[in-house]
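From a predicted model like this one, the values you see are computed outputs, not experimental measurements.
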Amino acid sequence: MIKAVLTLLATVGWLSDASSTYLVLSAAGNACFYFLPMFLGHTISKQLGAEPFVGAAIGAVLLEPNFTGLIGAEDTDFRGLGLQAVGYGSTVFPIFIAASVYSLLDRGLRRVVQKDLQYFVVPMTCLLLMEPFTALVFGPFGNNIGNLVADGVAWLFQTSRFVAGVVLGAAAALTVLWSVPKDERADFEA
């Protein structure tokens with residue numbers, strides 16, 4: 001909504017899109033999308049019963065400046081394995097995959113690690129394992145899925161704007177329904 005209001009204010013000429021006021025307010029709108037992997041990592045992990053802040057940390061690594069500094073660099077690797085460094089800001093599929101796998105790893109480790117050590121060992125082990133796997137496997141795989149979905153949507157709009165509107169409208173309704181907590185969902189499904 002912030003981005004929509006700013007666009008409206010700039011369009012009617014009440015606020016210049018080059019002004020520092022615009023840029024400060026725009027940062028609030030941009031941050032929500034840019035840090036989306038962190039927010040989703042937290043939310044997905046919490047919904048799947050894992051430690052939400054570890055899920056957020058997994059998303060944060062995808063945005064960390066040292067990691068994003070690898071974007072566009074040639075011959076990047078992790079321990080000799082090729083690394084596809086791409087921008088993950090505003091992406092959803094890589095963190096969905098990573099947080100889902102993390103929740104399984106968290107659950108498995110909690111079964112085998114002694115209760116007294118779980119508070120320290122489980123999050124540390126999960127981060128040490130999930131970050132490389134996310135950078136090497138889940139991130140690029142999720143990014144490719146996102147690119148396929150984007151290409152499919154672009155093709156749909158080029159083919160038939162009406163059909164694209166119907167499909168995306170239906171998908172948006174399902175997305176809203178899935179985001180409603182289970183105890184409140186019964187009202188919609190009845």
Side-chain angles (χ1 to χ4, degrees), residues 27-71 73 76-149 171-190:
N30 290 339
C32 293
F33 291 104
Y34 181 79
F35 293 107
L36 192 59
M38 284 177 52
F39 300 140
L40 287 174
H42 181 279
T43 303
I44 294 165
S45 298
K46 184 176 180 180
Q47 290 294 321
L48 296 176
E51 174 57 44
F53 290 104
V54 175
I58 293 169
V61 168
L62 299 174
L63 308 172
E64 198 273 333
N66 289 322
F67 183 79
T68 58
L70 298 173
I71 297 171
T76 54
D77 69 276
F78 178 83
R79 305 290 299 161
L81 298 171
L83 179 65
Q84 176 191 359
V86 297
Y88 292 107
S90 305
T91 63
V92 296
F93 291 110
I95 194 62
F96 266 99
I97 296 166
S100 299
V101 172
Y102 155 63
S103 71
L104 296 172
L105 177 61
D106 179 81
R107 200 171 307 136
L109 286 174
R110 290 192 187 283
R111 288 186 191 136
V112 298
V113 173
Q114 184 181 2
K115 186 99 170 141
D116 296 338
L117 299 174
Q118 284 183 5
Y119 188 73
F120 174 73
V121 172
V122 172
M124 180 186 64
T125 304
C126 286
L127 277 174
L128 286 174
L129 292 174
M130 288 305 302
E131 292 308 336
F133 277 108
T134 300
L136 292 167
V137 180
F138 309 132
F141 180 71
N143 194 53
N144 289 336
I145 291 173
N147 289 339
L148 288 173
V149 169
L174 287 174
T175 303
V176 169
L177 181 62
W178 289 334
S179 66
V180 175
K182 287 181 184 176
D183 55 338
E184 296 174 19
R185 196 177 304 152
D187 296 339
F188 293 110
E189 295 174 344

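Here L117 contributes atom CG and L109 contributes atom CG; the two are 12.0 Å apart, rounded to the nearest 0.5 Å. One distance of note links CZ of F53 with CG of L127; it measures 13.0 Å at 0.5 Å rounding. Atom CZ of residue F96 and atom CD1 of residue I44 lie 4.0 Å apart, to the nearest 0.5 angstrom.
With N143 contributing its side chain and G139 its backbone, the two residues share no donor-acceptor pair below 3.5 Å. Listed for the Y34 side chain is no donor-acceptor partner under 3.5 Å among the backbone atoms of A27. With E64 contributing its side chain and N66 its backbone, the two residues share a donor-acceptor pair below 3.5 Å. Remark: side-chain polar atoms of R107 are not paired, donor with acceptor, to backbone N or O of G49 under 3.5 angstrom.
Counting non-hydrogen atoms of other residues, nucleotides and ligands closer than 6.0 Å to CZ of F39 gives a total above 12.
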**Message:** As a quick check of understanding, evaluate side chain to side chain contact (heavy atoms under 4.5 Å, CB included) for L129 and L105, giving each step before the final call.
**Reply:** CA-CA 9 Å; L129 292 174; L105 177 61; 4.1 Å; yes
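Between Y102 and G55, the shortest heavy-atom distance links the atoms CE2-N, 3.9 Å. The two residues A57 and E131 have their closest heavy-atom pair at O-OE2, 3.5 Å. Of all the heavy atoms in A98 and I58, the pair that sits closest is CB-CG2, 4.0 Å. Here the shortest heavy-atom pairing between V54 and P123 reads CG2-CB, 3.7 Å.
At least one side-chain heavy atom of L48 sits under 4.5 Å from a side-chain heavy atom of S100.
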